[in-house]
Amino acid sequence: MAAIYHRFFFTLVFLIASTVSLPSSPDRFIKSALTSLRSSEEKPQKYEELTRTLPSDHLTPSCSHVLLRHSFANTINRPPFTTPYTPPSDCTSPPWSYVVLDLRAASSGDQYDRISGLWLGGVELLRTSTAEPSPNGIFWNVRKDVSRYSSLFMRSDLNVTMMLENIVNDVYTGIYHINVTLYFYEFNLIASNPKINGGLEIAGSQRSDQTPADLIIPLCNKGDRGLWFMIEDPSEIHSRRIRIPSNTRRIVLELYVSFHGNDEFWYSNPPDSYIRTNNLATGRGNGAFREVLVKIDGRYVGSEVPFPVMFTGGINPLFWEPVVAIGAFNLPSYDMDLTPFLGLLLDGKSHEFSLAVNNGISYWLVDANLHLWLDHESSNVVARSGGYESPSRHMVRQEELELLDGSFGVEAEVRSEFDGWVKSSKGNLTTSVKSMFKVSNLVSFEKDGAYKRVEQKVETKRIVEVTTESGKPVNRIVHERTYPLRVITSTLRGLSNDKDMYLLVTNVSHALNEKYTTGEALTEVYNRQDSDGWMQVEDHNVLAGEASTKQSFSYVDELSCYSRTIVAGNGEITHDSSSDTCPSSSSS
Ligand SMILES: *[C@@H]1O[C@H](CO)[C@@H](O)[C@H](O)[C@H]1NC(C)=O
Ligand SMILES: *[C@@H]1O[C@H](CO)[C@@H](O)[C@H](O)[C@H]1NC(C)=O
Ligand SMILES: *[C@@H]1O[C@H](CO)[C@@H](O)[C@H](O)[C@H]1NC(C)=O
Ligand SMILES: *[C@@H]1O[C@H](CO)[C@@H](O)[C@H](O)[C@H]1NC(C)=O
């Protein structure tokens, strides 16, 4: 993609025009395949992202189905890989209780971390990225519960599409070999696992909101370079006209997003005043506040401040070997319940759905899936939206600047509230959606810019309440996410006469915590990583270094608990403990 060439161009400009000794950190680096961290390197390096075990992990699937096998070489600026999808033929008929997507990747040779998206019929199933090189090659496995996309897996009129932006030339030789398989489960959970069975029984009655949608309509690009929309500046809006079936009773938009180029570390970007004042040759500017906007017919219907996923070459690549950063192999997607807008959408006409990035600079990859639940007993659902009010916004920016030192703060809060009723064969139900997010971000520079500190806190909350005509509550979902982040980068020079050679000492602490309540059932996830280390860098190549990452993960729902703690140092796991006993559980 043009923006990748941009990066090389930028590096070149940086080397020529740099009159100032400040590297634009955090940055993206490559740990060459020649740079060995581990003491013994005869085997390929296995990477992993720490996640919870899926309920199906210990069970035998009723069938498996290969979605694609492909090698991604020099794919940049080319159309994505596309192949027709055929539903699994050796499987007994749906509905399947569980579908798991399994991606296996292998590569050898030098390569930057790369971004990838996988779509079925234009509906994005997975946003993922690649691991960094190691002397004897690399491999990894990503498993994702894709049950929510079940309605697609029965269709035979769809294409599977995968884009993995890659550049292969004399220097970057790494080709990614990818296999993607779907595993279908229709197990009798009672027989296989009494604990899980209990879980599903409760799930059956209380988590009706998690029943897969009947129909999923993509809000995606035409696909000359991937089915995502590429957004390179704040004024860029990507729209599609979409007609919603007239028997739709519930609609949820699922947003997929990743950030690259000058916005890969958007949360650490100083304002342009800092760059201008110091005559810096960097494009990583425009301040540190970003927001992905969703509009229907030009009106705001929702927005999201995404979790700052760090790719494997980000900040210090040594942190992310062999355990990658939170979300790097399975980027989170973001749900927005748009049911209150059905009053607008059920008029039989097409409506303009659009995506944009507030303050975004080159480049963001964004698309969305519209999950629709239909009324099977009626071809006509009646709906009406409540009065429309724009979201309330508060934003305060603060700026102190003295040449290369300074501090830049942003405090932002956005709140919105929408409601509407939908009369279907399920009754006349009113849905009210309250959303809010708060962001506080501070970017500061000391020691003539050689010491940089970024502190960010993001808090998001969404409450969806469904009530009957008489006001009786039917369902209440509360979804909260918090993602604190701290990044410290300290640049030391004078290692050699080479002015492109420097030492970076870096600390990263970040977390993705989630709390999801539906009715009485509560699910909580805590996921935190603390990394520190140093590396010797020349241009963007990591020559040597030491690093350690500690990760604590815990998952608790009504019936199961899972926790795992990993410590990794210099490419190897030095501590790994896990437990599936609930700390406060008293049941026999
Ligand atoms: C993909 O599948 C083929 C055929 O089974 C196998 O030879 C290859 O090693 C697999 N590649 C990966 C990356 O798992
Ligand atoms: C699937 O891809 C092929 C080849 O790119 C294309 O000709 C065909 O129209 C696509 N089918 C659908 C349903 O998009
Ligand atoms: C549905 O309920 C709302 C109030 O909850 C009411 O205003 C509306 O008239 C009802 N719609 C129909 C078609 O009965
Ligand atoms: C960075 O991490 C190291 C090791 O955890 C710690 O000793 C040091 O104080 C941290 N630096 C800062 C500035 O927080």
Side-chain angles (χ1 to χ4, degrees), residues 43-48 64-73 75 78-87 101-109 111 114 116 118-124 128 130-131 134 136-143 152-164 166 174-183 216-218 220-227 240 246-247 249 329 339-340 342-343 346 375 378 380-387 418-433 465-475:
K43 285 195 290 187
Q45 176 68 292
K46 178 183 192 238
Y47 279 82
E48 73 169 298
S64 66
H65 190 56
V66 175
L67 211 50
L68 66 88
R69 283 195 185 123
H70 190 69
S71 295
F72 292 86
T75 56
R78 303 214 174 132
F81 172 74
T82 297
T83 180
Y85 174 76
T86 45
L101 183 149
D102 179 290
L103 179 145
R104 282 166 202 271
S107 182
S108 56
Q111 200 49 266
R114 300 298 184 190
S116 178
L118 174 70
W119 297 265
L120 180 57
V123 170
E124 185 156 358
T128 187
T130 64
S134 201
N136 287 294
I138 52 173
F139 69 102
W140 67 95
N141 177 215
V142 186
R143 284 172 74 80
L152 296 175
F153 302 135
M154 307 166 200
R155 290 174 57 175
S156 53
D157 57 339
L158 306 174
N159 280 337
V160 179
T161 305
M162 188 164 182
M163 182 57 180
L164 192 159
N166 197 18
I175 293 172
Y176 295 99
H177 306 286
I178 308 279
N179 292 353
V180 183
T181 309
L182 292 175
Y183 289 99
I216 311 175
I217 301 178
C220 70
N221 208 347
K222 294 201 178 68
D224 308 340
R225 298 162 159 195
L227 297 182
R240 281 286 168 269
S246 61
N247 63 334
R249 57 178 180 84
F329 283 164
T339 309
L342 281 180
L346 295 187
D375 189 349
S378 165
N380 220 354
V381 171
V382 191
R384 182 151 199 165
S385 303
F418 302 111
D419 62 65
W421 56 260
V422 178
K423 189 165 188 228
S424 71
S425 61
K426 303 246 172 215
N428 180 359
L429 302 176
T430 296
T431 302
S432 127
V433 179
E465 281 170 314
V466 182
T467 49
T468 63
E469 213 171 339
S470 59
K472 191 174 152 264
V474 176
N475 198 11

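What's counted below: heavy atoms across the whole structure, side chains too, no hydrogens, waters or symmetry copies. Whatever order the structure lists ligands and atoms in, that order sets their numbers, starting from 1.
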>> Using the rule given for side-chain contact (heavy atoms from CB on, under 4.5 Å), can you reason through Val382 versus Trp421, listing the C-alpha separation, both sets of side-chain angles and the distance that settles it, and then say yes or no?
In response: CA-CA 8 Å; Val382 191; Trp421 56 260; 4.1 Å; yes
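- Counted by atom type alone, Thr82 and Asn159 present zero donor-acceptor pairs between their side chains at under 3.5 Å.
- For the pair His177 and ligand 1, the shortest N or O to N or O distance does not fall below 3.5 Å.
- On a distance-only criterion, Arg69 and ligand 1 share at least one N/O pair closer than 3.5 Å.
- Protein heavy atom in closest approach to atom 7 (O) of ligand 3: Trp421 NE1, 3.8 Å.
- To the nearest 0.5 Å, atoms CZ (Arg249) and CG (Leu429) are separated by 8.5 Å.
- The nearest protein heavy atom to atom 11 (N) of ligand 2 is closer than 4.0 Å.
- Here OH of Tyr183 is found 10.5 Å from CG of Leu101. Values are rounded to the nearest 0.5 Å.
- A distance of 12.0 Å separates OG1 in Thr86 from CG in Asp157, rounded to the nearest 0.5 Å.
- Ring orientation note: the planes of Trp140 and Tyr176 are nearly perpendicular, at an angle over 60° on the 30°/60° scale.
- Rounding to the nearest 0.5 Å places CG of Asn141 at 7.5 Å from CG of Leu103.
- Using a 4.0 Å cut-off to heavy atoms of Ala106, the atoms of ligand 1 that qualify are 13 (C).
- Looking only at protein heavy atoms, the nearest one to atom 6 (C) of ligand 1 is Asn179 ND2, 4.2 Å.
- Given atom 5 (O) of ligand 2, the protein heavy atom at minimum distance is Thr82 CG2, 4.2 Å.
- For the residue pair Lys423 and Val381, the shortest heavy atom distance occurs at O-CG1, 3.4 Å.
- In terms of protein heavy atoms, atom 9 (O) of ligand 2 is closest to Asn159 ND2, 4.8 Å.
- The shortest heavy-atom distance from Thr430 to ligand 3 is under 4.0 Å.
- Of all atoms in ligand 3, numbered sequentially from 1 with element shown, those under 4.0 Å from a heavy atom of Asn428 are 1 (C), 2 (O), 3 (C), 8 (C), 10 (C), 11 (N), 12 (C), 14 (O).
- Considering backbone and side-chain atoms together, Asp157 places no N or O closer than 3.5 Å to any N or O of ligand 2.
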